[in-house]
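What follows is a set of notes on a single structure, which appears directly below.
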Amino acid sequence: MNAPLRTPREILAEQGKLTKTVIAVHAGERTLDLMTPVPAGTEITPIDVTDPDALAVIRHSTAHVLADAVQRLYPGTKVTFGPAIENGFYYDFDRRDGQFTEDDFEKIEAKMREIVAADFPFRREVIEKADAKKLLEGMGENFKVEHLERLQGEISLYRHGEWVDLCEGPHVPSTGFLRAVKLTSVAGAYWRGDERNPMLQRIYGTAFPSQKELDAYLHSLEEARKRDHRKLGKELELIAFHPLAPASPFFLPRGAQIYRRLIDYVRALYDRSGYQEVVTPQVFDRELFETSGHLPTYGDNMFMAATVETVERAAEALVAKPGATAEELHKTVWDQMRFGLKPMNCPGHCLMFGMTRRSYRELPMRIADFGRLHRFERSGVTQGLTRVRTFCQDDAHIFCSLDQLQSEIVAFLGQVYSVYQDFGFSEVRVVIATRPEKRMGSDEVWDRSEAALQTAVQAKGLPFEIAPGEGAFYGPKIEFHLKDALGRPWQLGTIQVDYNMPQAFNLGYVGEDNTSHTPVMLHRAILGSIERFFGVLVEHVGGAFPVWLAPEQVAVLTVTDKVNDYAAEVVTLLKAAGIRVIADTSADKLGAKIRNARNMRLPYLAVVGLKEAEQRGLSIRSRDENKELGFLTLDDFIARVRTESLPSSLRPNT
RNA sequence: GCCCAGGUAGCUCAGUGGUAGAGCACCUCCUUGGUAAGGAGGAGGUCGUGAGUUCAAUCCUCAUCCUGGGCUCCA
């Protein structure tokens, strides 16, 4: 009944396809190594060492070599997992006698090179679970034993040289295939990713088929670091941080110019799309957040606002509780905190909706708010502009009827793509995040919400992924992810369907049938956190903001101080035309002025000398075209910059 | 919050158990120069903060704050 098993190596050899550079094979969906038997007759295609699909195999095998090297150098260290990841691999170790630091890398890499040079063949071995257990227990590999207990089906071991690991493969034929290897960093990581579990030590590394490709990768990392928004933000005088406001950015004048334009851009979009902007309070009575569910769910991450009154009441409450435990006292004080800084705008918007009697004629009601939000992000999770403790979103809540839900979501999806296009983002990942374990509302409501999102995405024909359990506590969401310079994905835009919060706030509107209905609420943001968007945008454009966003669009550079008056006049005229312009009339030579302005990534340099003053024009040099455009009259130049001062979606069609 | 690394002038960095250095930026002067750095001089730091070891600490130890790389988390 069962077809006889053959290894891919045997099959390829028969077909004459077994070259020295074949490291694995595709068999349908699966990637298998040359020693994993398949039923005779299985269609297989060889994977060459240079094939992109070879990378994961090379890296996973490299992780084994790393673990081997580490166990040779640091006896007693236990192994856990070592998968290939997007740009490399890692291996998690349990080492009791010390910590790995990057200083150890040289030694470990040297040992790895020895193992590679020995060109040990990888060998695969299928084993009974009980035997595997005995083996691993004998080796003292308790993490592997624990993992084994959860495994079902065929149990395989991989060996190279003396080293053996519980592993399903696939692996390269021998360690000699691992020619270009580099360890990159160390980090802590919880066993099985659960913070209640012991912390292991993780070593990250990367591997490529050749040194040339490894070098190219390291070079690209280097280039990416140059675009890091924290570095550019400082160099270009966009943002700053101060220890007295941890994880809270200052937007310097140049950064604030851009920040403001991001918001202006969204405002203009709102004006065209039926949104109404509001301004709402910063500090609310805690009762609001209890109703909304934020305090019970995210109380740990809220800033509470204490007043003298709070402290007095807390003191009295504590005095009344002699001998209480620390935990009880904690609660006693916490309970006296009456006010909290808003971490979200939605509860405030629910209050607003509920302030007057609403009619179906008012729906959909789209309430926009650029209110400042504060979230006490745990130390260690904050990062540059991409994860901060104070930020503002291009936040809006759409209160609508069930009938309107679908069209609102679809309209929003259209807006998101148009906006991302204006900013030059093309690679957008769409993720639908479904119900989490900790949530409000019934399963029927969640079924409906999730279906609404999925239907809309499908109606738009967008490819999407599902992230199970990743939704907000009040509703599922569609997330839009973009990547930063280092390839790390960030969620920017989102739209979330929420049947729960309107219910929690007991919101209603009078329908056509003259009875009360509960509105559905959509939480949506396109840029998401303006701070985060700013950071990702800086990296995306490498600090070279398009003309419509640049803090200064033109730098007037004088050749001699004989033309200072003309330069001043040019500045006045350009400003009058709404163009953002600065002048450099310093004693620097022209070359230095150009260098400075280019380093600040100004889109246009306008050189002014006696010739230009005489002919009432400018010698223009363009950053984006990276060349001199030659002499332009003031009028021609003004017309050009004014056109480019609009995002592409708002430019007149030419 | 957890693991690891770092914090020296405005910026980028070097450095030492005996109270600190470079380049750029800044200030002054000279130079009026045509498309990526003209020249000279000057000023600027209680070496993140607190404690400890030491005759002596920027350097060693501990604590703490901040930042970075990860883990967990992200309404």
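This one's a predicted model, so the numbers in the text were calculated from it and none came from an experiment. Here is the naming used below: chain letters follow the sequence lines, and residue numbers restart at 1 for every chain.
If you check distances only, the side chain of A/Glu612 does reach the base of B/rG34 with a donor-acceptor pair under 3.5 Å. On a pure distance criterion of 3.5 Å, a polar donor-acceptor pair joins the side chain of A/Arg387 and the base of B/rC73. At a cut-off of 3.5 angstrom, the base of B/rU72 holds at least one donor-acceptor pair with the side chain of A/Arg378. Side chain A/Tyr190 to base B/rG70: no donor-acceptor pair is found below 3.5 Å.
Neither OP1 nor OP2 of B/rC3 sits under 4.0 Å from any side-chain N or O of A/Gln201.
In this structure, the CD atom of A/Glu377 is 14 Å from the P atom of B/rG68, given to the nearest Å. If you take CZ of A/Arg196 and C1' of B/rC71, they are 14 Å apart, rounded to a whole angstrom.
Within 4.0 Å (heavy atoms only), A/Lys562 reaches sugar-phosphate atoms of the nucleic acid but no base atom. Contact annotation for A/Lys627: no contact, since no heavy-atom pair falls under 4.0 Å across all strands. Within the 4.0 angstrom heavy-atom criterion, only backbone atoms of the sugar-phosphate kind lie near A/Pro246; the bases stay farther away. Note on A/Ala189: only backbone sugar-phosphate atoms sit closer than 4.0 angstrom, heavy atoms only; bases stay farther off. Looking at heavy-atom distances under 4.0 Å, A/Asn599 makes contact with a base.
Relative to the side chain of A/Val381, the nucleotides B/rG34, B/rA75, B/rG1 differ in distance, and B/rG1 lies closest. In the set B/rU31, B/rC71, B/rC4, the nucleotide with an atom closest to the side chain of A/Thr101 is B/rC4. When distances are taken from the side chain of A/Lys589 to each of B/rA75, B/rC4, B/rG38, the shortest belongs to B/rG38. Distance from the side chain of A/Thr560 is smallest for B/rU32 among the nucleotides B/rG38, B/rU32, B/rA75.
Heavy-atom contacts from other residues, nucleotides or ligands closer than 6.0 Å to CD of A/Glu106 number 12 or fewer. For A/Lys182, the NZ atom sits in a loose shell: 12 or fewer heavy atoms of surrounding residues, nucleotides or ligands are nearer than 6.0 Å. A/Glu102 CD: more than 12 foreign heavy atoms inside a 6.0 Å radius.
For the P atoms, the distance from B/rG7 to B/rU58 is 15 Å, rounded to whole Å.
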